[in-house]
There are 2 protein chains.
Amino acid sequence: MATKLDKVKQEIKSRILDGTFQPNQKISSESELMKQFAVSRHTVRAAIGELVNKGWLYREQGAGTFCADRSMDSRLMSGSNQKNIAIITTFISEYIFPSIIRGAESYLSKHGYNVSLFSTNNDHSEEKRILEKILTEQFDGVIVEPTKSALSNPNISYYLNLERQQIPYIMINAYYDELEPVSITMNDEKGGYVQTEHLIQLGHTNIVGFFKTDDLQGVKRMKGFIKAHRKFGVPINPNGIVTYDSSGKAAKPVEALARLLSVEQSARPTAIVGYNDELAILMLDVFREKSISVPEDLSLVGFDDSYMGRLTEVKLTTIQHPQSKMGETAAKMIVDMIKEKNSQQRKSPEKVESVVFEPNLILRSSTASLQLKKHVTL
Amino acid sequence: MATKLDKVKQEIKSRILDGTFQPNQKISSESELMKQFAVSRHTVRAAIGELVNKGWLYREQGAGTFCADRSMDSRLMSGSNQKNIAIITTFISEYIFPSIIRGAESYLSKHGYNVSLFSTNNDHSEEKRILEKILTEQFDGVIVEPTKSALSNPNISYYLNLERQQIPYIMINAYYDELEPVSITMNDEKGGYVQTEHLIQLGHTNIVGFFKTDDLQGVKRMKGFIKAHRKFGVPINPNGIVTYDSSGKAAKPVEALARLLSVEQSARPTAIVGYNDELAILMLDVFREKSISVPEDLSLVGFDDSYMGRLTEVKLTTIQHPQSKMGETAAKMIVDMIKEKNSQQRKSPEKVESVVFEPNLILRSSTASLQLKKHVTL
DNA sequence: TCCGATTTGTTCGTATGTATG
DNA sequence: GCATACATACGAACAAATCGG
């Protein structure tokens, strides 16, 4: 015999199927259904509960019970309820990446997601391999740090395919300009500006900037470097900007630096803007070799506030990078985007929007005013 | 907030996952569960109901509620040719862990595996949560660094359940002794011996060892510390061994050190064996504050060869840790174990066996002979 | 085969908390 | 602030199936 519960369930389902309850429309309240079917609230709730579980209805406390829109989510349902997020970064175990990843991992695992890690080693073909893998398997969202973001990217079509398959993704640190994706970045131009401004305000006029220009960060920081010079009316040296890319990461800037330092004392730069702390530390090694004191002989500003810059003998003045905060923000946003996608138009109050972190200068001991410097060397 | 219903549900699920409720075995009756959890029958029934819906249990009227056998269906139905490996470590973004993880990630992704990361933050309840997740979802293998490996572990049953479900796992850095698992470790006892031997050979006799004793590494390194003293006939100071655990990681050893240094010059230790580089660096800070020079006034040996010990002003003498090599080895082994399982008896030529890395002393500038010390202070 | 204890199945009632409009 | 609606939880009663004796 059919139980009351079954009857109530069946009847509600009928009303959904025959259109009495339209998608996203509020259905009768529990107390009304109690009257209509002459059953207890418990029975009504149990019936509704099962239909909610099966995806026919959804409830909102204080508002009511609503008919779900089952028009398209059938394929979404069919898949496993495993929640997987992929994180793609250029590197995973170096520099500031562990912190970024930790921030994301911590938030995601707290919210029931699995985190899968991939690193491109800053190589487009690796990026391609990983994107293919992600498209093949089932991921609910992707957090990606673009590989060589300043260069034209051969894998754009894979990202477009993510969109086509309705897999949300967000980019961190930089983004591929063509895609205009949701992103979480530093204000790198401002950062480069702040680095340079700090040195100019300390009296430096012969400043050399080193920038890695195969990613967007470097290009933007360079732009800020130039802007600060313009703003303060300080002319930029010929040879005042050194650019390099990932392949020449170690060698080229060091060589360029050696060249710059080999000229007569008066023509030497008195300050250096580094693309990031990693580069700045590389330079500290060169200075140590050449017995150049920082900051007495030369000021140096890094970028990213890496732990590395705090452990060296000369603590680096640098620009703060949110690191784990960035990871956490990215995690929060991708979860929001997944939720939003799954609730689809039911109510989409706030669209997830890109976040830009503003740079803060962290003053440590690698910079000093030019006056002080002259004082010391007298 | 966790509702009672959630708690009951979670606990029943735990009992399934840790093997308390075996497949097709009758679980406790509703009335029993009511007593155990001190909740109403309603709540128990609701909890069981949901687990039935999700396929964890099935009910038979008059007979009881039974644990479902999920061994076959989930794996076969989705056909998943996805290859997933879980890596569980205490931390993921700190110290030597990024390097270990990179080694594993690099190998696994090259061999077509997805890598999911989990960190326990050295907390048993987190470890439990993660193991339940891994048992619930489909992983082909697990690389795990045990949490508080020297303490009796409340989650042993989950590891046994991994074995029951034929999911290979290996332990790195340490292992739970009861399980006798395949593991990849340092020879920590030897390591502690080598640390101490080095100092004794430099002429030190008043050596203090600091060891974190809630994990196996610490206990074994301490054993090596003692053994070296015996071997060379050097008596161990009273107060010559300081133990601490993760909760008192920052405070306790620093306080103990301060006490040790507050006595008269002649009674002070001349050398310190540190549990790891992290601790050693903490101590360097103390020495800096107290204007104690390393190694002139005091020698210090670390362990693990962390990058941190290379960036400080005094480069640490330390014991090499394979780091990324360990990760790679772990990855290789788990892949082998999965292959072996899948080929099952077809030919099982070599069983995968535990690996122990032998310690090497890395000589840097934080240790010096006692003679030299006297020389300098004269 | 029947009995009685046990166990799950169905249903109703009630109370209190919390979110919404 | 108030009514409405859903969320959580406890208690009670009776029905139906199972199982050992």
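Just so we're clear, the structure is a prediction, and the values are computed from it rather than from any experiment. The sequence lines fix the lettering, A, B, ..., with proteins before strands; numbering per chain opens at 1.
A cation-pi arrangement is not found for B:K212 relative to B:Y244, the charged atom failing to lie both closer than 6.0 Å to the ring centre and inside a 45° cone about the ring normal. For the pair A:K83 and A:Y113, the cation-pi test (distance below 6.0 Å, angle within 45°) is passed.
The side chain of A:K4 lies closest to C:dC12, out of C:dC12, D:dT8, D:dC10. Of the candidates D:dA5, D:dC19, C:dG13, the closest approach to any side-chain atom of A:S40 belongs to C:dG13. Taking only side-chain atoms of B:Q61, from C-beta outward, the nucleotide of D:dA5, D:dA9, D:dA15 with the closest atom is D:dA15. Side chain of A:R41, nearest nucleotide from D:dT8, C:dT8, D:dT18: D:dT8.
Distance, B:F66 CZ to D:dT18 P: 11 Å, rounded to whole Å. Taking atom CD of residue A:E60 and atom C1' of nucleotide D:dA7, one finds them 14 Å apart after rounding to whole Å. Rounded to an integer number of Å, the gap from CZ of B:R59 to P of D:dA15 is 20 Å. Going from atom NZ of A:K9 over to atom P of C:dT11 covers 11 Å, rounded to whole Å. Protein atom CE of A:M34 is 13 Å distant from nucleotide atom C1' of D:dC6, rounded to whole Å. Taking atom CD of residue A:E32 and atom C1' of nucleotide D:dC6, one finds them 14 Å apart after rounding to whole Å. The CG-C1' distance, from B:L57 to C:dT8, rounds to 13 Å in whole Å. If you take CD1 of B:I27 and C1' of C:dT6, they are 15 Å apart, rounded to a whole angstrom.
Distances shown here put a side-chain N or O of B:T65 below 4.0 Å from the OP1 or OP2 atom of C:dT8. For D:dC10, the OP1/OP2 oxygens have a side-chain nitrogen or oxygen of B:T43 closer than 4.0 Å. Between B:R45 and C:dG9, a side-chain N or O to OP1/OP2 separation shorter than 4.0 Å is present.
Listed by chain and residue number, B:H124, B:E127, B:N155, B:I156, B:Y176 satisfy the side-chain contact (heavy atoms from CB on, under 4.5 Å) test with B:N153 (two or more places apart in sequence, or in another chain).
Within the 4.0 angstrom heavy-atom criterion, only backbone atoms of the sugar-phosphate kind lie near A:A38; the bases stay farther away. Using a 4.0 Å heavy-atom cutoff across all strands shown, B:I48 reaches no nucleic acid atom at all.
Both B:E30 and B:H42 lie close to DNA chain C; mapped to their nearest nucleotides by heavy-atom distance, the more 5′-ward contact belongs to B:E30.
Side chains of B:N114 and A:E137: a donor-acceptor N/O pair is present below 3.5 angstrom, by distance only.
Heavy atoms of other residues, nucleotides or ligands lying less than 6.0 angstrom from OH of B:Y175 number 12 at most.
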